[in-house]
Amino acid sequence: MSSFEEAKKEIEKLRKDIRYYEYKYYVENSPVISDYEFDGILKKLEKLESEYPELITPDSPTQRVGEQTISSFETITHEIPMLSLQNGYDYSDLLEFDKRIKKNINNAIEYVSELKIDGLSISLIYEEGVLRKGVTRGDGLKGDDVTTNIRTIKSIPLKIDEKRKVEVRGEVYLSHKSFQEINDNRKRAGEPVFANPRNAAAGTLRLLDPTEVAKRKLDIFTYYIYINNSEPLSTHYENLKLLNSLRFKVNPNFQLNKNIGEVIDYCEAWKERKKLLDYDVDGVVIKVNKIEYQKKLGSTSKYPRWAIAYKFPPETAITKIKDIIVQVGRTGAITPVAILEPVRIAGSVISRTTLHNEDEIKRKDIRINDFVEIVKSGDVIPKIVKVIKERRNGKEKKFIMPTICPSCGSKLYKPEEEAILRCPNISCPAKLKESILHFASRKAMNIEGLGEALVEQLLKHSLVKDISDIYFLDREKVKNLERMGEKSVEKLFKEIEKSKKNSLSRLIFGLGIRFVGQQTAKILSEHYNNLDKLMNAKYDDLIKIYDIGKRVAESIVIYFNEPKNLKVIEKLRKAGVNFRELNVEKAENGKLKGLKFVFTGELKSYTREEAKNKVIENGGKVLSQVSKNTDFVVVGNNPGSKYNKAVNLGVKIINEQEFKKIIS
Ligand code: IVH
């Protein structure tokens with residue numbers, strides 16, 4: 001046998017073994033070999049594959065993390081809509097549900113109870129035994145293609161033992177442990193932390209770089225399988241077993257219940273037991289077991305009639321208020337914050353919570369040293385429900401709101417009709433700190449490394465007096481700050497430099513104009529294409545824009561009328577910060593200006609979307625049909641009839657390589 005044939009056989013054997021070891025480790029949680037041994041086998045496969053790259057297939061365990069970052073997610077229509085669930089909040093809702101079902105079906109009803117995992121639902125499509133697509137739920141009808149990210153989840157098999165087309169659905173989630181790790185890293189990097197595991201999982205699925213996703217250790221529990229052209233199994237219970245036997249990860253705590261009474265017992269037991277789990281569970285999903293009955297019951301446009309989600313009551317905890325401090329926000333708003341004896345609640349540790357304003361403190365009669373009950377449900381911010389007055393012992397102290405700003409000493413004022421005190425000083429250091437943190441934040445200018453600790457130091461040493469000073473920092477002076485090594489300074493300056501090229505909408509959002517959030521910033525940048533045009537916009541023009549209301553328009557005008565703000569903007573311009581909508585600028589001077597492109601067939605290095613964007617960015621146009629006026633037809637693998645048409649019309653035909661050259 002040739003060495004090629006031998007290598008092929010060996011590669012197949014290694015892959016099969018690795019798949020099994022991954023399954024034992026990531027799905028069953030019962031590894032059969034050591035990490036060291038596993039790494040050895042994986043390395044062996046990698047080596048062989050590098051010697052025979054023609055034998056690499058996308059379903060190889062070495063191919064979980066692609067090298068390409070992607071530019072955006074494509075929208076995909078679900079073949080079977082991803083419905084939601086009707087909710088029940090107490091046991092009478094479950095009894096009602098059972099009654100409704102029995103009205104339709106004159107027989108004893110068995111249910112399957114499953115934990116309701118608090119994550120994001122995902123649809124996985126397998127064809128010929130190979131994972132082809134991972135799509136988010138989206139609006140239920142259409143979702144985002146997040147395949148490259150989904151592939152990095154080790155408990156999701158890239159290859160299964162079923163050749164027919166299969167759709168599997170499940171919940172992607174983050175364990176408490178991984179969530180903690182992510183937030184610890186973010187804190188260290190000066191980035192804002194995620195509020196809960198669900199948000200962190202959602203943020204991770206939307207990352208464009210799969211290498212980054214792989215580091216975050218997402219996981220999945222699957223709960224649904226549909227196999228094309230097959231007689232459906234007769235019960236949901238069997239479907240869960242089938243998922244198990246195809247090596248998908250199924251939450252092990254599901255239970256077959258003979259009647260609704262047993263279901264209620266299950267819910268009651270898990271209300272407490274869920275606290276012992278290393279992932280968030282926000283309720284129990286109850287499903288009619290017999291598929292025949294499920295079909296008979298059918299669905300409304302929103303949810304199936306054969307299932308219900310029982311939501312656990314929100315969790316509460318009792319803890320002590322150690323202190324009450326005030327915070328100065330970016331807009332000068334003064335917010336009282338309770339510093340708590342740290343307490344674990346609904347999966348995270350809480351050590352502070354906002355008290356909103358003075359009226360709220362008075363209304364609930366909250367004092368320092370009080371014991372309070374706090375409540376948290378799902379992704380809601382924890383809040384104080386009430387003071388436990390029975391536990392007062394005379395050591396409680398009433399909190400008095402300051403009359404001067406804790407940061408700059410200016411006299412605070414309360415605008416009419418508002419419950420909030422504000423600091424009026426434009427150059428208040430606390431306001432400045434928040435403005436800079438906002439400017440540098442991930443959704444604004446995304447300057448990694450410019451976090452709270454560093455900003456505080458920059459302010460302390462008077463190295464920045466407004467946001468634009470970030471671009472005029474003295475490298476030597478920054479090096480001399482506490483905890484700033486050579487390397488981190490290098491990285492910081494690189495990040496700052498990079499941010500100059502950001503899109504206009506990031507800049508507009510970063511300026512921190514009141515009421516101008518991310519979405520509004522996008523609308524404004526698309527409308528004006530250019531910061532100067534926005535600066536000169538009149539109130540009457542602004543309110544004509546769809547989605548811009550009076551309050552926003554007024555705030556924008558006020559912002560750009562303030563001489564101090566104009567000075568900052570001129571400094572940003574001088575620093576070379578991009579003031580124009582990037583695509584527009586490039587397109588206006590683009591080398592493909594005036595040229596018309598048509599695509600047919602599959603390209604290797606780009607999705608259709610990416611290829612189109614390349615053309616548009618360079619000023620060209622993409623059309624769907626070939627005509628005499630077409631300048632180029634780009635032909636990929638398996639081209640369609642457009643190719644023949646181009647030949648007939650004598651239009652210039654180019655392949656992917658030539659296309660790459662044109663746009664590079
Ligand atoms: S079944 C038509 N089972 O809860 C059936 N959903 O509130 C729909 N979820 O969109 C899904 N754990 O994201 C099902 N064991 C479980 C679940 C579960 C979590 C999520 C899922 C769904 C949402 C509905």
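Along the sequence shown, the residues carry numbers beginning at 1. We count ligands from 1, going down the list as the structure has it; atoms in each ligand are counted the same way.
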Problem - Over-ring placement of R186 relative to F194, 6.0 Å and 45° cut-offs - result: yes
Exercise for the section: Please confirm whether A307 comes under 4.0 Å of ligand 1, counting heavy atoms of the residue only. Expected result: no
Practice task
Tell me which protein heavy atom sits closest to atom 3 (N) of ligand 1, plus the residue, atom name and distance to 0.1 Å.
Solution key: K287 NZ, 3.0 Å
Handout entry: Heavy atom of the protein closest to atom 10 (O) of ligand 1 (residue, atom name, distance)
Key = S121 OG, 3.6 Å
Handout entry: 4.0 Å heavy-atom contact, M82 with ligand 1
Key = no
Exercise for the section: Look at atom 19 (C) of ligand 1 and say which protein heavy atom is nearest, naming residue and atom and giving the distance to 0.1 Å. Expected result: I117 O, 3.2 Å
Practice task
Distance to 0.1 Å, residue and atom name: give those for the protein heavy atom nearest to atom 5 (C) of ligand 1.
Solution key: L85 CD2, 3.9 Å
Exercise for the section: Would you check if K376 and P314 make a side-chain contact, meaning some heavy-atom pair closer than 4.5 Å? Expected result: no
Handout entry: L115 near ligand 1 by a heavy-atom separation under 4.0 Å
Key = yes
Exercise for the section: For K163, check salt bridge (charged side-chain N to carboxylate O under 4.0 Å, His left out) against everything at least two apart and list the hits. Expected result: none
Exercise for the section: Considering heavy atoms of the protein only, find what lies nearest to atom 16 (C) of ligand 1 and give residue, atom and distance to 0.1 Å. Expected result: Y223 CD2, 3.3 Å
Problem - N or O contact, K116 vs ligand 1, cut-off under 3.5 Å - result: yes
Handout entry: Nearest neighbour in protein (non-hydrogen) for atom 15 (N) of ligand 1
Key = E114 OE1, 2.7 Å
Problem - Test of ring centre spacing under 6.0 Å for F248 and F221 - result: no
Exercise for the section: Taking the side chain as every heavy atom from C-beta outward, state whether L115 and Y266 have any atom pair closer than 4.5 Å. Expected result: yes
Exercise for the section: Please write down residue, atom name and distance for the protein heavy atom closest to atom 2 (C) of ligand 1. Expected result: P304 CG, 3.4 Å
Problem - Short N or O distance, E171 and ligand 1, threshold 3.5 Å exclusive - result: yes
Exercise for the section: Give a yes-or-no answer on whether the side chains of H236 and E114 include a donor-acceptor pair shorter than 3.5 Å. Expected result: yes
Practice task
Tell me yes or no: between the side chains of N107 and Y293, is some donor less than 3.5 Å from an acceptor?
Solution key: yes
Exercise for the section: State whether a side-chain donor-acceptor pair under 3.5 Å links S92 with E96. Expected result: no
